[in-house]
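Please read the structure below before turning to the comments.
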2 protein chains.
Amino acid sequence: MIPPATTAVSPFVRLFGRYLREHGLPVTPQRQAVAEVVFSSTEHLSVDDIERKLREGGERIGKATIYRTLDLLVRSKLVAERDFNEGFKRYEHRLSRQPEHEHLICQRCGGVTEFKSEEIQAIQVHIAGRFGFRPTRHKLEIYGLCASCIAVGADLPSEGLTCPIETV
Amino acid sequence: MIPPATTAVSPFVRLFGRYLREHGLPVTPQRQAVAEVVFSSTEHLSVDDIERKLREGGERIGKATIYRTLDLLVRSKLVAERDFNEGFKRYEHRLSRQPEHEHLICQRCGGVTEFKSEEIQAIQVHIAGRFGFRPTRHKLEIYGLCASCIAVGADLPSEGLTCPIETV
DNA sequence: GTCCATGCAAACCTTTTGCACTATA
DNA sequence: TATAGTGCAAAAGGTTTGCATGGAC
């Protein structure tokens, strides 16, 4: 059904193949194709993005298979699942970039910028000491207006009460 | 349909009433009932939680109305919407507590602990300087094991590749 | 032959919307 | 009385699942 890939399998896809083999799971052309798309982009891809890119590449893979493969990619820790409150998930591979980074999300244009913060480590240490909590991962998202939108003079409406509320 | 509330309207609900009036929107018994439930709990409530509590209080209010009222409460900034990756949203009122706080989420028992962090402010200042970004709000969630689950000897399975990957 | 993946469609779940009816201001 | 809210049910949208088919070992 799926024609054999003409291009060689990329190193990252091979890593995914290794994960599959280690878990006794078949390495199929569909899984490789989905992984190839995810690893060849530095964007935060939605499932629709992935499906579109597959189609553009001549592959026609069912959504169910895409979802199932993404689940495997996330389990393998090679891919991270993101949720920017858009009503659907996005996927981002964790190779060739900082393994831990945070996101700046523009509430006007939807643009996402990544940044690294060492302060987060300090926070995690505090937390461990104060609550006896053992952190495994975290998510920091800062929402606001990006530089380009500020430059255009954009502003965000405030709809709260006219008079600020004192917290008791 | 809805019997008149026997208890006096709480101050927080009155605040919501003020918001509605300021925006030319009617203050209805349903809206007051939903607000009452949200303001009388310090939990992170799901829509089902809210519906259940309303029923327990003898109120039978349609889900659509609950959703529509929550939308108003969030717009008024009296209530914050939360998403802990459970597939649905939770709602938490912002009165009688720290207006800005972060969440510690136990991956085993699902327990949520709140904490405050001043470091976040420093991060936001960095970001503003470095990216020209104007932050309005943020979300920091730290996932891991809570003290009680650690005490019970719980552990989280790691399903990634057996050999850690070097980021290129 | 067994095991599992695939693809399609149906199911699922939360959330939103349309509409007839009702209550608010 | 005009305007907007309510409740029900249906729709929507993303994600998951059931099942028959098909490929790999």
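Numbers restart at 1 for each chain; the letters A, B, ... are given by sequence-line order, proteins then strands. Every value quoted in this text rests on a predicted model; they were computed, and no experiment measured them.
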Problem - First of A:T69 and B:K63 reached from the 5' end of DNA chain C, by closest nucleotide - result: A:T69
Problem - Position toward the 5' end of DNA chain C (nearest nucleotide), B:L25 or B:V47 - result: B:V47
Whole Å only: how far is the [atom1] atom of [X] from the [atom2] atom of [N]?
X: B:K89; N: C:dC13; atom1: NZ; atom2: P; value: 18 Å
X: B:I50; N: C:dT14; atom1: CD1; atom2: C1'; value: 14 Å
X: B:E81; N: C:dT14; atom1: CD; atom2: P; value: 15 Å
X: A:D83; N: C:dT14; atom1: CG; atom2: C1'; value: 13 Å
X: A:L70; N: D:dG14; atom1: CG; atom2: P; value: 15 Å
X: B:Y91; N: C:dT15; atom1: OH; atom2: C1'; value: 8 Å
X: B:F88; N: D:dG14; atom1: CZ; atom2: P; value: 20 Å
X: B:D71; N: C:dT14; atom1: CG; atom2: P; value: 19 Å

Any idea which of [options] is nearest the [X] side chain?
X: B:I61; options: C:dG7, D:dG7, D:dA4; answer: D:dG7
X: A:Y67; options: D:dA9, C:dA25, D:dG14; answer: D:dG14
X: A:T65; options: C:dG7, C:dT14, D:dT6; answer: C:dG7
X: B:P26; options: D:dA4, D:dG7, C:dA9; answer: D:dA4

Exercise for the section: Could you tell me the separation between the SG atom of B:C106 and the CD1 atom of B:I142, rounded to the nearest 0.5 Å? Expected result: 13.5 Å
Practice task
Mind checking the CG-CD spacing from A:L73 to A:E81? Nearest 0.5 Å is all I need.
Solution key: 11.5 Å
Exercise for the section: Describe, in one word, how the ring planes of A:F16 and A:Y19 are oriented to each other, choosing from parallel (under 30°), tilted (30 to 60°) and perpendicular (over 60°). Expected result: parallel
Problem - Ionic contact status for A:K63 with A:E51, cut-off 4.0 Å - result: yes
Practice task
May I ask you to say whether A:D48 pairs ionically with A:R52, meaning some side-chain N is under 4.0 Å from a carboxylate O?
Solution key: no
[X] side chain near [N] phosphate (N/O to OP1/OP2, under 4.0 Å):
X: A:Q30; N: D:dG23; value: no
X: A:R68; N: C:dT6; value: no
X: A:T28; N: C:dT6; value: yes

Practice task
Tell me which of B:I66 and B:G24 sits closer to the 5' end of DNA chain D, going by the nucleotide each one is nearest to.
Solution key: B:G24
Handout entry: Check: D:dG7 base within 3.5 Å donor-acceptor of B:R60 side chain
Key = no
